[in-house]
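Below: the structure, in structure tokens.
In listed order, ligands and their atoms are each counted from 1.
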Amino acid sequence: MTILDKIIERKKVEVAEAKQQVPLEELEKYPFFSRACYSLKESVLDPERTGIIAEFKRASPSRGLINGTSSVAEVVKGYQDAGASAVSVLTDSDFFKGALADLSAAREVLTIPLLRKEFIVDTYQIAEAKAYGADIILLIAACLDSNEIKAYADYAKSLGLNVLLEVHNEEELQRSIFDSIDAIGVNNRNLKDFVVDLNHSYDLVNTIPNRLIKVSESGISDPKTINELKQAGFQGFLIGENFMKTGDPTKAIKEFVKEL
Ligand SMILES: O=C(O)c1ccccc1NCC(=O)[C@H](O)[C@H](O)COP(=O)(O)O
């Protein structure tokens, strides 16, 4: 069993418990549930911003503990002030030490789009994302079949959310493109063995339809790489560990952006 299988198995249990504790009708009454979402496309294409989707990531299966001390509100505000186009917050607790409370804390201080970084296996988690202040949800093709991707993306759009679909190879890409998808993220990290290779981005960029925002995800640590990915056709760049591992993610992103 891979880590990804374990995450998905655990996620199904968590979702069943959450539905018992807070039924959907309750989530729909949360104040953030009725807010209008920011557009991922507008923010990523805004020439005043960098295209960076900066991630708040305390820990990960591939690295263990990355940063156990930084405050989510301070870090994400620092990301925004440095020119990030969007912020990603991991809400998984068991494998990434995140929480839904991190998402709402981020929402309180941000005026740019906010991604709920989660392993979505049920529409309930999409409603939760909206209720806790997200503008964007992530659907991971490696964990979902085509029918699930379409159903979850359609439901997210019905709530006004942006949909970022994550793929790792051409097979996943070809079976995952629907009208309700806003952006494709190519994950350079193989979620089964954690090997990171930027060639996944370069190999897939021209196969992604141009109507979709193109995002390169994971393993980005050098500003020069952003310029190369831009040349190749990417508009968005998801970066977590490179900022979080420094202990001062705000300073790290500011220095990174100066080099672009
Ligand atoms: O990061 C991991 O170890 C990981 C393991 C299993 C599933 C997902 C995982 N990461 C999620 C991500 O997609 C990254 O957090 C994101 O792309 C940022 O990557 P990085 O800049 O390399 O931290």
Fill in: Electrostatic pair R58:D102 at N-O distance under 4.0 angstrom
yes

Item to complete: Would you tell me which option among K6, K117, K245, K57 has the nearest heavy-atom contact to atom 23 (O) of ligand 1?
Response: K57

Worksheet item: So, is E217 polar-close to ligand 1, with some N/O to N/O distance under 3.5 Å?
Response: no

Worksheet item: Which one holds for F119 and ligand 1: side chain close, backbone close, both close, or neither close, with close meaning a heavy atom under 4.0 Å?
Response: side chain

Worksheet item: Side chain or backbone of N187 under 4.0 Å from ligand 1, or both, or neither, by non-hydrogen atoms?
Response: side chain

Worksheet item: Do L191 and ligand 1 have an N or O pair less than 3.5 Å apart?
Response: no

Worksheet item: With a 4.5 Å limit on heavy-atom distance, are the side chains of S146 and F178 in contact?
Response: yes

Worksheet item: Where on R63 is there a heavy atom closer than 4.0 Å to ligand 1, on the side chain, on the backbone, on both, or on neither?
Response: neither

Worksheet item: With only distance considered, is G240 within less than 3.5 Å of ligand 1 through an N or O on each side?
Response: yes

Item to complete: Answer yes or no: is there a side-chain heavy-atom contact under 4.5 Å between V205 and H200?
Response: no

Worksheet item: Is E166 in polar range of ligand 1, meaning some N or O pair under 3.5 Å apart?
Response: no

Discussion item. Within the 4.5 Å heavy-atom criterion, are Y30 and K130 side-chain neighbours or not?
Written reply: no

Practice prompt. Report the member of S216, S221, S218 with the shortest heavy-atom distance to atom 19 (O) of ligand 1.
Written response: S218

Practice prompt. Check F95 against ligand 1 and report side chain, backbone, both or neither, counting heavy atoms closer than 4.0 Å.
Written response: neither

